[in-house]
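To start, the structure itself, in structure tokens.
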2 protein chains.
Amino acid sequence: MGILDNLKEKGHRLTPQRVMIVNILEESEGHISAEEIYSHLHDRYSYTNISTVYRTLELLKELGLVTQTDLGEGIVRYHEVTKGHHHHLVCKGCGKVEDLPESALFVLRDKLWSDYHFRAELSHLAIFGYCQKCLEEGKT
Amino acid sequence: MGILDNLKEKGHRLTPQRVMIVNILEESEGHISAEEIYSHLHDRYSYTNISTVYRTLELLKELGLVTQTDLGEGIVRYHEVTKGHHHHLVCKGCGKVEDLPESALFVLRDKLWSDYHFRAELSHLAIFGYCQKCLEEGKT
DNA sequence: TTAAATGCAAACGCTTTGCAATTGA
DNA sequence: TCAATTGCAAAGCGTTTGCATTTAA
């Protein structure tokens, strides 16, 4: 079931703004910020407002349809839950963000549970460091 | 060599404000925010300003004497480099922040290097999840 | 018809900046 | 002495909020 069906089913209105915001979310490959969504939304329909974007994202988050990640840029990024969980390797040299499959952290998750009784939610971990290219270029 | 000696050696002035800020940093056990530092600073010397705190922290960061962590609160926290590296288990139930020794993530670091050629800087990782107490109380 | 949702403007909290006055070395 | 540093005020940024107006169902 798509986000729009989900919204409708739960009694929320399918306003044109919401439909467009959801479309923009679905069209975006990776993680998109509220400002970026607003920018696309504004292209399609000028008479809109960024507070609508924030309120829609807040609603989608409450319904568990999108999740947030903080990639350390001072802004929050959003992505669809159904697009799957993964992590982020954020390069401090060039800013590139590489996706990392969820499975890469299973070992860590299990260790945190067995050693610390902490149930880690490792769905959107941002790991900072340097990519191979930047290492080779000495950008450290 | 302490932070103050380090500052002096590199030709930076030891103003009373800087000395106090460094003292507050050294007295704090864990990770402290700019606002918290300012609050303590203000207790000792009223005629000061939070921009001085930010500027001092920026300088200490450039000199590699303190590091920043974003614990997902929307604010940045600082701590002395010499106090050692560790990670944070941030409980989404009660907000408690537990320290995790650096060694807990060695396996992950090695895996990221061998599989992805990514040199992770896992010195200040914040891992979100739920602590045992909150799990028992069903706060998930 | 009417509660839900929007657009607007203003405020928020954390952080940064321009500038004149002060001060450590 | 004088460049470095400070205090102040204002702005900057991403985000949130109050409120009157509009609108989906």
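These figures come from a predicted structure and were not determined experimentally. Within every chain, numbering begins at 1; the chains are lettered A, B, ... in the order of the sequence lines, protein sequences first and strands thereafter.
- When rounded to the nearest whole Å, the span between NZ of B:Lys8 and C1' of C:dG24 equals 11 Å.
- Following rounding to the nearest Å, B:Lys61 (NZ) and C:dT15 (P) show an atom-to-atom distance of 10 Å.
- As rounded to whole Å, 10 Å separates atom C1' of C:dT6 from atom CZ of A:Arg18.
- When DNA chain D is scanned 5' to 3' for any atom under 4.0 Å from a heavy atom of chain A, the first and last hits are D:dG14 to D:dA25.
- Taking side-chain N and O atoms only, A:Thr52 has no distance below 4.0 Å to OP1 or OP2 of C:dT6.
- Side-chain contact between A:Ile127 and A:His88: absent, with no pair of heavy atoms (C-beta onward) separated by less than 4.5 Å.
- Considering A:Arg77, A:Lys61, A:His79 as possible partners of A:Gln68, the one that fulfils the side-chain contact (heavy atoms from CB on, under 4.5 Å) test is A:Lys61.
- In this structure, B:Glu36 places its CD atom 16 Å from C1' of C:dT15, rounding to the nearest Å.
- Side-chain N/O atoms of A:Thr48 include one lying less than 4.0 angstrom from OP1 or OP2 on C:dG7.
- Contact annotation: side chain of A:Arg13 to base of C:dA3, donor-acceptor pair present below 3.5 Å.
- Atom CD1 in A:Ile21 sits roughly 7 Å away from atom P in C:dT6 (whole-Å rounding).
- At least one donor-acceptor pair closer than 3.5 Å links the side chain of A:Glu36 to the backbone N or O of A:Ser33.
- Summarising the local packing, NE2 of A:His12 is surrounded by more than 12 heavy atoms from other residues, nucleotides or ligands at distances under 6.0 Å.
- A:Trp113 and A:His117 have perpendicular rings, their planes meeting at more than 60° on a 0 to 90° scale where under 30° would count as parallel.
- Side-chain N or O atoms of B:Ser39 include none that pairs as donor or acceptor with a backbone N or O of B:Glu35 at under 3.5 Å.
- Counting to the nearest Å, the C1' atom of C:dT15 and the CD1 atom of A:Ile75 are 16 Å from each other.
- Atom CZ in B:Arg77 sits about 11 Å away from atom P in C:dC14, given to the nearest Å.
- Between B:Leu14 and B:Ser51, the residue anchored nearer the 5' end of DNA chain C, judged by the nucleotide with its closest heavy atom, is B:Ser51.
- Look at CG on A:Leu57: it is 11 Å from P on C:dT6, rounded to the nearest Å.
- Panel note: side chain B:Arg119, backbone A:Leu135; no donor-acceptor pair is recorded below 3.5 Å.
- Across all strands, A:Gln17 comes closer than 4.0 Å only to sugar-phosphate atoms, never to a base (heavy-atom distances).
- The side chain of A:His12 contributes no N or O atom lying less than 4.0 Å from OP1 or OP2 of C:dA4.
- Contacts of B:Tyr45 with the nucleic acid, taken as non-hydrogen atoms under 4.0 Å apart, involve only primed sugar atoms and P, OP1 or OP2.
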